[in-house]
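This report concerns only the one structure given below.
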Amino acid sequence: MKTCIIIGTRPEVIKMSPVVRACEGQGADYFVIHTGQHHSYNMDRVFFEQLGLPDARYNLDVGSGRHGEQTGRMLAGIEEILIAEKPDVVLVEGDTNTVLAGALAASKLGIRVGHVEAGLRSYDRRMPEEINRVVADHISDYLFAPTEQARETLLGEGISDEKIFVTGNTVVDAVYQNIEIANGRDGGGAGPNLEPGGYFLATAHRQENVDDATRFAGILRGLELVSREFSLPVIYPIHPRSRKMMEEFSLDAPGVTLTQPLDYLSFLKLEADARLVLTDSGGVQEETCILKVPCVTLRDNTERPETAMVGANVLVGVDPEKILEGARTMLGRSRDWENPFGDGMAGERVVEILSDHR
Ligand code: UD1
Ligand code: UDP
């Protein structure tokens with residue numbers, strides 16, 4: 001059974017790392033294609049170095065670009081490699097353009113597709129990710145759903161039960177495999193003298209938030225209000241898309257400490273020790289839930305409703321007053337929720353299931 005793992009962005013490198021480790025551990029015949037969707041050192045290479053991941057056999061270096069242009073370049077590049085390598089199955093993770101291109105290239109060649117983190121839905125087609133995940137799910141042969149709820153969603157869309165495997169989310173594996181190492185370090189590049197519980201952590205990079213001047217300004221104002229009300233700093237390791245848009249819209253962020261995007265271990269530690277996290281990231285909603293850190297989500301919807309259902313997360317959108325209100329609400333909650341995303345063995349399960357279906 002020859003497996004091709006396709007990755008392209010920061011969250012895919014992190015969330016596929018447990019699958020790569022499981023392939024190594026189980027002696028699987030596998031290779032990795034990196035599309036190069038993310039390419040800056042601190043959005044890509046740093047994670048390979050820190051997680052000790054083997055280099056990709058192929059890097060397409062597609063870089064940034066418009067959706068069609070970027071996805072098209074990936075599609076052509078992946079197709080060529082798949083024709084030459086003839087894998088039995090292609091694995092993709094999540095909802096990026098890399099996932100769309102990988103799943104599409106493989107399925108058109110009649111190669112089986114495994115979608116890790118299948119069955120998530122925001123029901124918001126303004127999000128490019130929603131389109132990517134719907135298409136990927138419907139052309140996949142193995143749907144690795146993180147939760148029972150995701151499985152139900154897939155069944156509701158007519159996907160056959162035999163294709164669906166509830167594995168948990170590999171984000172739990174990644175957190176469990178790295179949190180102790182992270183806790184043994186200081187806060188890295190985030191700034192000096194941050195006491196546990198003595199700061200808020202923020203991330204925002206969703207296209208529908210930061211490419212819209214009004215929405216992005218609402219988020220930054222909300223962060224300022226939160227910092228002022230609780231007299232604590234807000235640390236925002238800023239994604240390159242957001243940095244670019246802040247400059248384009250001439251926005252500033254009073255009361256908010258901007259840093260470069262952080263390496264994974266520094267970021268995990270900052271998350272684990274934060275008083276509260278404010279984010280529009282998918283992975284960060286999950287990680288805070290796992291780490292028992294309250295989360296305020298700067299979106300109108302989420303494809304991770306489990307986080308809100310267990311009481312770990314509240315959705316507030318981008319209105320500054322609602323962001324402040326959400327922070328007050330979450331700071332008043334006890335942190336005794338259950339982690340709904342599995343036991344940290346998802347990566348092992350994915351590889352075992354594939355080898356059982358040779
Ligand atoms: C992509 C994913 C998104 C995911 C995010 C993870 C899609 C449609 N979007 O969004 O689902 O949450 O990755 O972080 O696939 N840039 C750099 N260096 C990099 C990468 C990006 O400078 O290494 C800048 C470029 O200006 C680029 C912009 O960020 O144009 C956006 O990058 P892109 O990969 O298109 O989308 P993301 O916003 O990163
Ligand atoms: N992350 C990181 N450094 C940062 C911000 C995030 O290592 O400065 C990690 C975080 O721990 C999580 C992942 O990146 O595992 C989330 O990626 P992102 O928010 O870019 O994408 P999304 O999950 O929204 O697709």
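Just follow the structure's listing: the first ligand is 1, and inside any ligand the first atom is 1.
A donor-acceptor contact shorter than 3.5 Å links the side chain of Arg206 to the backbone of Asp280.
A donor-acceptor contact closer than 3.5 angstrom is absent between the side chains of Glu93 and Thr170. In this structure, a donor-acceptor pair under 3.5 Å is absent between the side chains of Glu303 and Tyr123. Residues Glu12 and Thr9 have side chains that bring a donor and an acceptor to within less than 3.5 angstrom of each other. No hydrogens or angles considered: nothing links the side chains of Asp44 and His38 as a donor-acceptor pair under 3.5 Å. No side-chain N or O of Thr203 forms a donor-acceptor pair with one of Ser281 less than 3.5 Å apart. Gln207 and Arg126 form no side-chain donor-acceptor contact under 3.5 Å, judged by distance and modelled atom types alone. Donor-acceptor pairing under 3.5 Å is recorded for the side chains of Asn132 and Asn97. Under the 3.5 Å distance criterion, with hydrogens and angles disregarded, no donor-acceptor pair is assigned to the side chains of Thr307 and Glu286. Defined by atom type and a distance below 3.5 Å, a donor-acceptor pair is present between the side-chain atoms of Glu49 and Tyr41.
Looking only at heavy atoms of the protein, atom 34 (O) of ligand 1 is closest to Gln37 NE2, 3.1 Å. Here the protein heavy atom with the shortest distance to atom 19 (O) of ligand 2 is Ser281 OG, 2.7 Å. The nearest heavy-atom contact from the protein to atom 3 (N) of ligand 2 is Leu262 O, 2.7 Å. The nearest protein atom to atom 28 (C) of ligand 1, hydrogens excluded, is given as Arg241 CB, 3.9 Å; this is a heavy-atom distance. Nearest non-hydrogen protein atom to atom 15 (O) of ligand 2 is Glu287 OE2, 2.5 Å. Here the protein heavy atom with the shortest distance to atom 7 (O) of ligand 2 is Phe47 CE2, 3.3 Å. For atom 20 (C) of ligand 1, the closest non-hydrogen atom on the protein side is His38 CD2, 3.3 Å. Looking only at protein heavy atoms, the nearest one to atom 24 (C) of ligand 1 is Pro240 CB, 3.7 Å. In terms of protein heavy atoms, atom 21 (O) of ligand 2 is closest to Pro11 CG, 3.5 Å. Looking from atom 20 (O) of ligand 2 to the surrounding protein, the closest heavy atom is Arg10 NH2, 2.8 Å. Residue, atom and distance of the protein heavy atom nearest to atom 23 (O) of ligand 2 are Gly283 N, 2.7 Å.
For His205, every heavy-atom contact with ligand 2 shorter than 4.0 Å involves the side chain, none the backbone. Counting heavy atoms closer than 4.0 Å to ligand 2, residue Phe267 contributes side-chain atoms (C-beta onward) but none from N, CA, C or O. Contact annotation: for Glu129 versus ligand 2, there are no heavy atoms closer than 4.0 Å. Contacts of Pro237 with ligand 2, taken as heavy-atom pairs under 4.0 Å, involve the side chain alone.
His39 is linked by a ring pair (Phe, Tyr, Trp, His ring centres under 6.0 Å) to nothing, counting only residues two or more places apart in sequence or in another chain.
For ligand 1, the polar-atom distance check against Thr9 finds no nitrogen or oxygen pair separated by under 3.5 Å. At a 3.5 angstrom cut-off on N or O pairs, Thr98 does not count as close to ligand 1. For a threshold of 3.5 Å applied to N or O pairs, the pair formed by Ser40 and ligand 1 contains at least one separation below that value.
Within the 4.0 Å heavy-atom cutoff, Met43 does not count among the residues contacting ligand 2. Using a 4.0 angstrom heavy-atom cutoff, Ile14 counts as in contact with ligand 2. Residue contacts with ligand 1 include His67, since one of its heavy atoms falls under 4.0 Å from the ligand.
Contact detail for Ile238 and Ser242: the closest heavy-atom pair is CG1-CB, 3.6 Å.
Of all atoms in ligand 2, listed by their number and element, those nearer than 4.0 Å to a heavy atom of Arg206 are 24 (O). Near Pro261, with a cut-off below 4.0 Å to any heavy atom, the atoms of ligand 2 are 8 (O). Distances below 4.0 Å separate heavy atoms of Lys244 from the following atoms of ligand 1: 26 (O), 30 (O). Residue contact check: Gly282 has heavy atoms under 4.0 Å from atoms 22 (P), 23 (O), 24 (O) of ligand 2. Of all atoms in ligand 1, listed by their number and element, those nearer than 4.0 Å to a heavy atom of Met43 are 23 (O). Counting atoms of ligand 1 from 1 in the listed order, those under 4.0 Å from a heavy atom of Arg206 are 3 (C), 4 (C), 11 (O), 12 (O). Residue Glu129 approaches ligand 1 through these ligand atoms, each under 4.0 Å from one of its heavy atoms: 3 (C), 9 (N), 11 (O).
Under a hydrophobic clustering in which Ile, Leu, Val, Met, Phe, Trp and Tyr are joined whenever their side-chain heavy atoms come within less than 4.5 Å, directly or via other members, Phe200 and Leu268 fall into different clusters. Using a 4.5 Å cut-off between side-chain heavy atoms of Ile, Leu, Val, Met, Phe, Trp and Tyr, with links allowed through other members, Val116 and Val20 fall into the same hydrophobic cluster.
For the atom pair CG of Leu225 and CD1 of Ile323, the computed distance is 8.0 Å after rounding to the nearest 0.5 Å.
Aromatic pair Tyr142/His357: ring centres closer than 6.0 Å.
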